[in-house]
Structure formats: C-alpha cells, structure tokens
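One structure coming up, written as structure tokens, with questions to follow.
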2 protein chains.
Amino acid sequence: MKPSIFVVEDDPDISRLVRHHLEGAGFVVKVFATGNTVVMESERQRPTLFILDIMVPGRDGLELCRQIRQTPLLASTPVIFLTAKSGEADRILGLELGADDYIPKPFSPRELVARVKAVLRRFERPLSQSPLKVGEIEIDPSAMTLSVRGQLVGTTATEFRLLDYFARHIGRVFTRDQLLDSVWRDTAYVTPRSVDVYVRRIREKIEPDPESPRYLKTVRGAGYRFEAPK
Amino acid sequence: MKPSIFVVEDDPDISRLVRHHLEGAGFVVKVFATGNTVVMESERQRPTLFILDIMVPGRDGLELCRQIRQTPLLASTPVIFLTAKSGEADRILGLELGADDYIPKPFSPRELVARVKAVLRRFERPLSQSPLKVGEIEIDPSAMTLSVRGQLVGTTATEFRLLDYFARHIGRVFTRDQLLDSVWRDTAYVTPRSVDVYVRRIREKIEPDPESPRYLKTVRGAGYRFEAPK
DNA sequence: CTCAAATGTTTCAATCTGGTTACAATCGGG
DNA sequence: CCCGATTGTAACCAGATTGAAACATTTGAG
C-alpha cells in the first residue's frame, strides 16, 4: 500500500510542484486548497502524513495542526510544515505544536522528498526483528536470511516478507486478499492469484516435497495457513 | 542500550518539543526545568549527552556546563547548547567552556536530531575503538588504516567509515537510507544510490573478485549485508 | 461419476533494481 | 589561488523480480 500524503496549500504553483515530486517518489498525493474539509476527509481516509502550508486561507495552518493533534484518529499522524520566512519558524517552535519537521521555501524537490521519507521512516513501525524458528525453518529478518534444514536458502524480498508473515501467524488462515493487504507494498493492481504463485515459490524452498506441503497448507475455498509440522 | 539525553530547559513548550523528537529518534530523554539537581542526578545516571539552554533559572547554563566539566565522572560527556542569539555561539564553543556544539533557536526537529547524532558519533570513543579483523581484512580505526591480505590499502574517509560500520555489524542487512543515516556526516540530502557507488569502491579494495563479492553482499530489494566469509 | 470451481504450475513480458562509469562540484593542502 | 583528491549525481545497461495469463490438475458437490 503506497503511503498517502495530504497537502494543504493554496498556491497552485507550489502544490503542483509538491504533488509532482511526491508522486514521482511513489506517494499518493491529495491536495487541498483550503483547510476547511481536511480534517473530515482525513478521518475517513487516514493519510500517512500531512504537509501544511503555514498560511492557508480558511484555516490557519497552525490551527489546522492543532486540530489534527486533538483528533484521536489523527493525533499520531506526522505533520510537516511549509514555511516561507524563516521568521515563522519561531512561531512553530514556540508553539509546542508537535510538527515533525518544517521545510523552508524555497525548497529543492530532493529535499522535499528526503524529508518526507525521513519523517516516515521515524514513524514506520519497525519490521519484526527477532529471529524465528519453526520446525526446520529459521528466519532472521535482521539479516534477511532463511535457513531450511541447516542450509541457507536465497529468497527474493517479496518471498521473504510473505514467509515471515506466515511464520509469525502460525495456524491462522489468510485469504489471498488479506495477504495482499498485509504483505504487498502496493496492492493496487495485483491479482489475488499472484499469491498462489508466491506460495508455490516458497514451497519449493521450504518443503521437502512441495506436492504435499507440511508447512504451508492450502485451505480450499479460503486461502492458506502456515503450520508447524508435528 | 539507547543513549540517554539530559535536557535542561525551563520553557515547557521547547522541552516538550525536544523530548518528542529525540524520543522519536530513539533516545531516552530526561528533562529538568532547573539546573539545580542536574549534576547530582547525572553522577548517578551518567547520561550520554547534555542539552542545555543557555538561560535557565536556578543556575546559568554556562555555569552548569562549567560544573559538568569539573565533575570527574561527567567531564567527558558531550554538551550541546541551545542559544537564542547566534552571537553567543563563539563564546560557547571557542572559549573556556568546552561545549561540543550549539543549536541556534529556532531549529528544525531534523536539525536537532542531526546535531545530536553528529556529536554522539564524534564521541563514540574514536580512540579506544579496537582494531577489527574479519577474514583477511584488518581495520584499525585509530590509525584509519585498512589491510587486505596483509597489504595496506588506502581509503578515503567515507569509504573507511562505511566499511568500518559494516564490519562492526556483521550479518545485518542495512537499507541505503539506514546507511546514510548512520555513516554519512552532514545529514545533507544525499541520494540513496550514492551508497551503491561507495559499495563498489569498497569492493574494489577488499574483494579478490569484485564481481562476486565474498564480504559485502547485495541483498536485492533490501540493501547490503557484510559477511565474514567461510 | 461428472463437471465446475478452485488451485497448481509454467511461461514470459514489463518493470524494477542494482552495477557501473563518467563527470561536475566541492574540499583541502600547499 | 591552484591542483589533485574526494564526494556525490546522472545516465545507461544488464539482469533479477514480479505478476498476469494460459494451461493443467485436483477437489468435492450433486
């Protein structure tokens, strides 16, 4: 799932610029020219991050930020300010607002993207880190390694994420769509049947006999389930 | 063990801001509104770093710094000042006080975190850091020398830091962004792909055959991992 | 037993990612 | 101030990965 960014900015030149570069970096961008409907929309759509111009008509950016912070659903969403004069920075900082960064105008596209990414990285729930052992399978996320019966086995990034997800939810059945939601980065145009292909690839790597799987079982009509063999 | 930071700052708006962002960056933060109990507490808890507002009631920040410097247990703990006027900077840094950096208000969260990290990096016992041997590679940080198969090999500063970082975290996968965060000096906006270039330069120096690396492995879709060859 | 639905398997084009090189900008010593 | 070293970027290329499609096989309801 691509991160989505809500941008509140009245100057169309700037918002166009911001949108263009953030989209180029793989984000989904939604621009609001005024602050009026932002909070309402946000509660429904839950953006990953806000970028607010300090001065926007309809509602002051600072006020908007405060409102975001006071809305339970949005309180923990990171906020980045766009500021024109550095003098304004005082106000931001003086006013406790809990913005996570600010970007002074004018800014370079690269700086914009880098800062957004940096803030998101801070907020990203870190991936599972502890190594995991199931049967004869060992998964070490921090090294991104997989051992099967003592042998190191290479995996692609997607294979690894999917296997790790399964192994951390032993015994639970997941539909293909659930797996796409939780494991795939950008689910937009992925067919559920692609999961089948990855299940096959994983089975080839972990199952002694891929034809009769002992770990990654098919649950006909539902999806797949990962089991610890007896 | 997370580094712990003692912040002496009477303005609650600012101290909240500082705490929030430093905690977000993975530090343990303790805030003091006055300088009165700081030294005593510090002798027991041994913070990794101090951040002092120049003007704090109860005890002047400068005075506090001087006291820290004269306390044997704390003398080598880095100190960063928060200053309002940039004019004060010279005095703090240059003269008697032995502060290690200052952050002029207003500051951006990013700058705050970047400076703290930079100072900590400088203080990471650069001298006592032990030489390191991995396979046929020997790294001596105190001399900044690299030997490969008994031969001294020249490196640039950045190459050396990156290699050293890898060699001290054997087996772990690092994304390009993580490497930029931990190894690069100024938190400027460097393209993640620059890491690739340095990896190549390091490989040329340490790998018998840079085409099929035995130490510095690529982890497709994730980043790089340094291994001790078997 | 039959058949439709579900899943397995293989293939392959498009896309993505990393490798590599060349080079411009910057730094630092003399 | 100049020059070589270092740093970081851009551009291009090769190869790996991804995911859809096509076809095969299995399952189980009736």
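In this text, all values refer to a predicted model and were calculated from it rather than measured experimentally. So you know, we letter chains A, B, ... as the sequences are listed, proteins then strands, and number each from 1.
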Tell me which pairs pass ring-ring contact (aromatic ring centres under 6.0 Å, His included) where either residue lies in residues 192-214 of chain A, with sequence neighbours left out. A:Trp184-A:Tyr198
Expressed as a whole number of angstroms, how long is the span from B:Arg225:CZ to C:dG18:C1'? 16 Å
Who are the side chain to side chain donor-acceptor pair (under 3.5 Å) partners of A:Glu23, not counting sequence neighbours?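 Partners of A:Glu23 under the side chain to side chain donor-acceptor pair (under 3.5 Å) test: A:Arg19.
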C:dT17, OP1 or OP2 - any side-chain N/O from B:Tyr224 closer than 4.0 Å?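 For C:dT17, OP1/OP2 do not have a side-chain N/O of B:Tyr224 under 4.0 Å.
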Report all interatomic pairs (protein N or O, nucleotide N or O of nucleotides 27-30 of chain D) with separations under 3.5 Å.
| from | atom 1 | to | atom 2 | distance (Å) |
| --- | --- | --- | --- | --- |
| D:dT27 | O2 | A:Arg220 | NH2 | 3.4 |

For nucleotides 20-22 of chain C, tabulate all protein N/O to nucleotide N/O atom pairs closer than 3.5 Å, reporting atom names and distance.
| from | atom 1 | to | atom 2 | distance (Å) |
| --- | --- | --- | --- | --- |
| C:dT20 | OP1 | B:Glu211 | OE1 | 3.2 |
| C:dT21 | OP2 | B:Arg200 | NH2 | 2.7 |

Strictly below 4.0 Å: does B:Tyr198 bring a side-chain N or O up to OP1 or OP2 of D:dG8?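 So the side chain of B:Tyr198 is within the cut-off, an N or O lying under 4.0 Å from OP1 or OP2 of D:dG8.
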Rounded to the nearest angstrom, tell me the gap between atom CZ in A:Arg161 and atom P in D:dT17.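 That distance rounds to 13 Å.
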For A:Arg225, what residues pass the side chain to side chain donor-acceptor pair (under 3.5 Å) criterion, not counting sequence neighbours?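 Result, side chain to side chain donor-acceptor pair (under 3.5 Å) vs A:Arg225: A:Glu227.
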Check whether any side-chain nitrogen or oxygen of A:Trp184 sits under 4.0 Å from OP1 or OP2 of D:dG19, and answer yes or no. yes
Looking at every strand, decide which applies to B:Ser194 at a 4.0 Å heavy-atom threshold: base, sugar-phosphate, or nothing. base
Are A:Thr218 and C:dG8 close enough that a side-chain N or O sits under 4.0 Å from OP1 or OP2?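 True: A:Thr218 side-chain N/O within range (under 4.0 Å) of C:dG8 OP1/OP2.
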Test of understanding: with side chain to side chain donor-acceptor pair (under 3.5 Å), list the residues that count as partners of A:Arg214, not counting sequence neighbours. A:Glu136
Spacing between B:Leu216 atom CG and C:dG18 atom C1', to the nearest angstrom: 13 Å
Would a 4.5 Å heavy-atom cut-off, applied to side chains only, mark A:Val134 and A:Ile139 as touching? no
Would you please name every residue forming a ring-ring contact (aromatic ring centres under 6.0 Å, His included) with A:Phe166, sequence neighbours left out?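 Listed in chain order: nothing, the list is empty.
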When the distance from CD of A:Glu111 to P of D:dT9 is rounded to whole Å, what number comes out?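 Those two atoms, CD and P, are 13 Å apart.
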Here's a test for you: under side-chain contact (heavy atoms from CB on, under 4.5 Å), which of A:Val199, A:Thr158, A:Leu216, A:Ile206 qualifies with A:Leu163?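 It is A:Ile206, the one option of A:Val199, A:Thr158, A:Leu216, A:Ile206 that forms the side-chain contact (heavy atoms from CB on, under 4.5 Å) with A:Leu163.
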Integer-rounded Å distance: C:dG19 C1' and B:Glu207 CD: 14 Å
To 10°, what angle do the rotation axes through the five end pairs on each side of the helix from C:dC1-D:dG30 to C:dG30-D:dC1 form? 40°
Only counting residues at least two apart or in another chain, list the ones meeting ring-ring contact (aromatic ring centres under 6.0 Å, His included) with B:His169. B:Tyr165, B:Phe174
A:Thr175 side-chain N/O to A:Gly223 backbone N/O, donor-acceptor pair under 3.5 Å: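 No; judged by distance alone, with no hydrogens or angles, the pair does not exist.
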Quick one: ring-ring contact (aromatic ring centres under 6.0 Å, His included) partners of B:Phe50, sequence neighbours excluded? none
With B:Tyr215 via ring-ring contact (aromatic ring centres under 6.0 Å, His included) - residues at least two apart: B:Phe226
Check whether any side-chain nitrogen or oxygen of A:Thr191 sits under 4.0 Å from OP1 or OP2 of D:dG19, and answer yes or no.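 For D:dG19, OP1/OP2 do not have a side-chain N/O of A:Thr191 under 4.0 Å.
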OP1 or OP2 of D:dT7 less than 4.0 angstrom from a side-chain nitrogen or oxygen of B:Thr156, does that happen here?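 Yes, because at least one side-chain N or O of B:Thr156 sits under 4.0 Å from OP1 or OP2 of D:dT7.
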Within the 4.0 Å heavy-atom criterion, would you say A:Val195 contacts the bases, only the backbone, or no part of the nucleic acid? nothing
B:Arg176 CZ to C:dC16 P, straight-line distance once rounded to whole Å: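 B:Arg176 atom CZ is separated from C:dC16 atom P by 16 Å.
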Residue pairs, two or more places apart or on separate chains, that pass side-chain hydrogen bond (donor to acceptor under 3.5 Å, both in side chains) and touch residues 201-211 of chain B: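 Matches after skipping sequence neighbours: B:Glu159-B:Lys205, B:Arg200-B:Glu204, B:Arg203-B:Thr218, B:Asp209-B:Ser212.
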